[in-house]
Amino acid sequence: MKLGAIADDLTGATDLSLILSRAGFSVLQVVGVPDAADFGSADAVVVSLKSRTASVEDAVNQSVAAASALRAAGAQQLYFKYCSTFDSTDQGNIGPVTDALLDLLGVSGTIACPAFPANGRTVYQGHLFVGDRLLSESSMRDHPLTPMRDPDLVRVLGRQSNRPVSLIPIANVRADGLSDRFNEFDGIAIVDAVDDGDLLRIGKAAANLKLVTGGSGAAMGLPANFGAVAGNTPSLTWPSGKAVVLVGSCSKATLGQVDHYKALGAPALAIDPSSISSGAVTIEDAEAFVVQSPVGLPPLIYSSATPESVAAQQRQLGQMAAGEIVERFHAALAGRLLAHGFNRFIVAGGETSGAVVGGLGVNALQIGPEIDPGVPWTRAVTSQGPLALALKSGNFGTVDFFSKAWKLLV
Ligand SMILES: Nc1ncnc2c1ncn2[C@@H]1O[C@H](COP(=O)(O)OP(=O)(O)OP(=O)(O)O)[C@@H](O)[C@H]1O
Ligand SMILES: O=C(O)[C@@H](O)C(=O)CO
């Protein structure tokens with residue numbers, strides 16, 4: 001194994017797997033802390049955890065266990081993948097996990113770069129932009145679990161990490177000697193990047209770092225350090241069968257995609273945490289709705305709601321509890337639909353995808369064609385046969401994402 005990666009959520013892992021695969025690596029994505037025996041001959045193994053919003057202790061334990069398994073299997077370099085919008089709270093988990101991985105490796109420094117220009121995430125003077133807005137002025141300020149209200153990543157990570165946090169500005173990224181800078185400091189350096197050229201320079205300069213951290217973009221240049229040559233993702237065979245769209249993301253892009261898909265005439269059922277907890281809507285209702293939907297556009301079950309509505313649900317049920325109620329619902333529904341012969345799942349939201357994949361009993365994913373930047377179709381094998389899964393990060397994808405994903409495999 002050349003690269004061993006740990007991702008803090010499932011869609012983030014898939015995003016990273018796609019980037020590495022396109023850059024020429026054979027990639028195996030595994031779900032949850034793995035057994036070393038699972039890895040086969042892949043150039044890169046990407047472990048997807050559900051640690052982004054876990055407690056600090058849990059996130060650190062899961063990440064260190066995954067890193068230890070990857071190292072035991074021979075990983076030459078480790079990568080810690082988090083969100084391109086740096087989703088976290090003041091307590092963590094990006095800082096504490098990075099600190100723990102540095103301790104595990106016995107090294108003093110690493111870089112942190114969430115930039116993903118293809119999806120509008122850029123870092124300039126240590127400030128994260130989403131499109132043309134600062135992170136704190138983007139829709140991320142109202143995220144249900146990790147509202148991001150400070151765009152200065154040196155400050156954000158400084159609150160989370162025990163190590164010194166510094167900045168490598170764009171002028172240094174574009175100048176000679178970047179690898180010397182990477183290799184000579186203590187602590188964590190936020191690295192500016194505003195285009196793919198910057199990311200490729202960063203990847204090249206990171207060749208000797210034992211640990212690299214970032215969004216998926218900062219990994220783009222790493223496979224070339226191991227002699228990999230960019231190419232197409234391997235072709236996979238897809239199960240033919242029934243499809244469903246399960247949406248737990250409340251991100252702005254997802255809200256637009258839900259509206260667009262409903263306007264196309266897709267059968268759609270809305271759910272929300274309080275209706276689920278009061279029993280006004282049950283898993284049996286949703287199951288019957290999906291199973292009885294007419295042939296055509298796959299049915300949609302969604303809990304996506306405006307920030308005001310999400311805040312009201314959270315006041316009533318608690319922030320984490322509201323999210324978990326919906327996640328458990330989607331996971332249980334997915335398991336039941338599998339038993340009805342559904343084998344193509346389009347899912348929106350990283351936490352939601354983690355829950356659904358758990359409900360489906362999926363342990364590993366292979367990466368297929370790109371639907372939109374950062375979102376591939378993936379193939380998994382379960383005890384019930386092969387599945388096709390499109391796992392979309394909340395803010396990724398064009399407005400017609402759901403129909404586009406479905407048509408790509410039809
Ligand atoms: N109506 C709702 N009210 C409160 N919480 C909700 C509601 N609908 C969904 N949620 C919760 O909000 C969270 C959304 O997180 P998720 O990671 O799935 O989406 P996202 O943050 O948009 O995606 P990503 O992490 O990929 O950017 C989940 O825990 C989900 O259960
Ligand atoms: O980096 C991103 O934005 C995504 O891969 C992700 O992690 C969203 O959950």
Side-chain angles (χ1 to χ4, degrees), residues 5-19 29 46 48-54 80-88 94 113-121 128 130 135 138-140 142-148 213-220 246-258 270-277 281 301-331 347-357 372-376 391-397:
I6 300 142
D8 68 355
D9 84 346
L10 188 69
T11 51
T14 312
D15 173 13
L16 176 63
S17 298
L18 177 64
I19 291 262
Q29 185 176 325
V46 178
S48 44
L49 300 178
K50 201 169 178 306
S51 56
R52 185 172 294 174
T53 55
F80 172 36
K81 158 72 176 74
Y82 38 77
C83 193
S84 62
T85 42
F86 219 72
D87 297 13
S88 51
I94 297 173
C113 180
F116 191 180
N119 274 314
R121 280 76 157 130
L128 181 53
V130 177
L135 175 68
S138 77
S139 57
M140 283 308 299
D142 295 317
H143 188 278
L145 305 177
T146 49
M148 298 303 291
T213 86
S216 60
M220 186 181 288
L246 303 177
V247 177
S249 162
C250 299
S251 294
K252 191 173 167 199
T254 306
L255 292 174
Q257 290 156 348
V258 165
I271 58 172
D272 65 67
S274 52
S275 323
I276 297 168
S277 65
V281 59
I301 306 291
Y302 69 102
S303 60
S304 319
T306 59
E308 298 72 33
S309 161
V310 170
Q313 298 275 324
Q314 291 179 336
R315 273 194 301 277
Q316 189 192 336
L317 297 161
Q319 185 191 32
M320 286 308 192
E324 282 162 11
I325 289 167
V326 178
E327 289 177 34
R328 277 200 299 272
F329 189 97
H330 279 303
V347 189
E351 298 298 325
T352 309
S353 296
V356 166
V357 159
D372 268 324
V375 199
L391 308 172
K392 187 190 81 74
S393 292
N395 267 316
F396 286 2

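In each ligand, atom 1 is the first atom listed, and ligand 1 is the first ligand listed. Computed from a predicted model, the values in this text were never measured in an experiment.
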Go through ligand 2 atom by atom and flag the ones less than 4.0 Å from a non-hydrogen atom of D9. 7 (O), 9 (O)
Taking the non-hydrogen atoms of E324, is any one of them nearer than 4.0 angstrom to ligand 1? no
How long is the span from the CG atom in L49 to the CD1 atom in I6, to the nearest 0.5 Å? 7.0 Å
For T11, atoms of ligand 1 separated by under 4.0 Å from a heavy atom: 26 (O)
I'd like to know if the side chain of H143 and the backbone of S251 have a donor-acceptor N/O pair within less than 3.5 Å. no
Indicate yes or no for a side-chain donor-acceptor contact from Q314 to the backbone of A322 under 3.5 Å, with no hydrogens or angles considered. no
Rounded to the nearest 0.5 Å, how far does CG of D142 lie from CE of M148? 13.0 Å
Considering only non-hydrogen protein atoms, determine which one is nearest to atom 18 (O) of ligand 1 and report residue, atom name and distance to 0.1 Å. T352 OG1, 2.6 Å
Proximal atoms of ligand 2 relative to S393 (non-hydrogen, under 4.0 Å): 4 (C), 5 (O), 6 (C), 8 (C), 9 (O)
Logged contact type for L145 with ligand 1, heavy-atom cut-off 4.0 Å, is side chain
Selection from P144, P273, A322, C250 by shortest heavy-atom distance to atom 3 (N) of ligand 1: P273
Indicate yes or no: does an N/O atom of E351 lie under 3.5 Å from an N/O atom of ligand 1? yes
Looking only at protein heavy atoms, what sits closest to atom 1 (N) of ligand 1 is S303 O, 2.9 Å
Check: R52 N/O within less than 3.5 Å of ligand 2 N/O: yes
Could you check if a side-chain atom of F329 sits within less than 4.5 angstrom of a side-chain atom of S275, using non-hydrogen atoms only? no
Euclidean distance, R121 CZ relative to S84 OG, rounded to 0.5 Å: 4.0 Å
Which of the numbered atoms in ligand 1 are below 4.0 angstrom from a heavy atom of H143? 20 (P), 21 (O)
Given P307, G349, G354, identify the one with the heavy atom nearest to atom 19 (O) of ligand 1. G349
Write out the residue and atom name of the closest protein heavy atom to atom 24 (P) of ligand 1, then the distance separating them to 0.1 Å. G394 N, 3.3 Å
By number and element, which atoms of ligand 2 are closer than 4.0 Å to a non-hydrogen atom of S84? 1 (O), 2 (C), 3 (O)
Test applied, side chain to side chain contact (heavy atoms under 4.5 Å, CB included); reference residue, C250; option that passes from P144, S309, P307: P144
Contacting atoms of ligand 2, where contact means under 4.0 angstrom from a heavy atom of G12: 5 (O), 6 (C), 7 (O)
Do any side-chain atoms of residues 7-14 form donor-acceptor pairs under 3.5 angstrom with protein atoms, and if so which ones, sequence neighbours left out?
from, atom 1, to, atom 2, distance (Å)
D8, OD1, R52, NE, 3.1
D8, OD1, R52, NH2, 2.8
D8, OD2, R52, NE, 3.2
D9, OD1, G12, N, 2.7
D9, OD1, R52, NH2, 3.2
D9, OD2, T11, OG1, 3.4
D9, OD2, R52, NH1, 3.3
T11, OG1, S393, OG, 3.2
T14, OG1, L10, O, 2.9
T14, OG1, Q29, NE2, 3.2

Please write down residue, atom name and distance for the protein heavy atom closest to atom 29 (O) of ligand 1. E327 OE2, 2.6 Å
Minimum-distance protein heavy atom relative to atom 22 (O) of ligand 1: S251 OG, 2.5 Å
Should the proximity of F396 to ligand 2, defined as any heavy atom under 4.0 Å, be assigned to the side chain, the backbone, both, or neither? side chain
Give the residue and atom name of whichever protein heavy atom lies nearest to atom 14 (C) of ligand 1, and the separation in Å to one decimal. G248 O, 3.5 Å
Of the non-hydrogen atoms in M320 and T53, which two are nearest, and what is the gap between them? CE-O, 3.7 Å
T254 side chain vs G394 backbone, donor-acceptor pair below 3.5 Å: yes
Numbered atoms and elements of ligand 1 in range of D9, under 4.0 angstrom, heavy atoms: 25 (O), 26 (O)
I'd like to know if the side chain of S277 reaches the main chain of P273, judged simply by a donor and an acceptor atom lying under 3.5 Å from each other, with no hydrogens or angles considered. yes
Against ligand 1, does T254 come closer than 4.0 Å with any heavy atom? no
Atoms of ligand 1 under 4.0 Å from any heavy atom of V326, numbered from 1 in the order shown, are 31 (O)
Where is the nearest protein heavy atom to atom 25 (O) of ligand 1: which residue, which atom, and how far? R52 NH1, 3.3 Å
For N395 and ligand 1, does the shortest N/O to N/O distance drop below 3.5 Å? no
Euclidean distance, I19 CD1 relative to K81 NZ, rounded to 0.5 Å: 9.5 Å
Quick check for you: to the nearest 0.5 Å, what is the distance between T85 atom OG1 and M140 atom CE? 4.0 Å
Could you check whether any side-chain N or O of S88 sits under 3.5 Å from a backbone N or O of F86, counting only pairs where one atom can act as donor and the other as acceptor? yes
Number the atoms of ligand 2 from 1 as they appear, then name those within less than 4.0 Å of a heavy atom of D15, with their elements. 1 (O), 2 (C), 4 (C), 5 (O)
Looking at A54, is its backbone amide N or carbonyl O close enough to the side chain of S51 to form a donor-acceptor pair, meaning the two atoms are under 3.5 Å apart? no
Looking at K81, which atoms of ligand 2 are within less than 4.0 Å of one of its heavy atoms? 1 (O), 2 (C), 4 (C), 5 (O), 6 (C), 7 (O)
Which of the numbered atoms in ligand 2 are under 4.0 angstrom from any heavy atom belonging to C83? 1 (O), 2 (C), 3 (O), 6 (C), 7 (O), 8 (C)
Residue, atom and distance of the protein heavy atom nearest atom 11 (C) of ligand 1 read G323 CA, 3.7 Å
Under the 3.5 angstrom rule, does the side chain of Q313 hit a backbone N or O of D272 as a donor-acceptor pair? no
Between D15, V310, L255, D272, which one has a non-hydrogen atom sitting closest to atom 4 (C) of ligand 1? V310
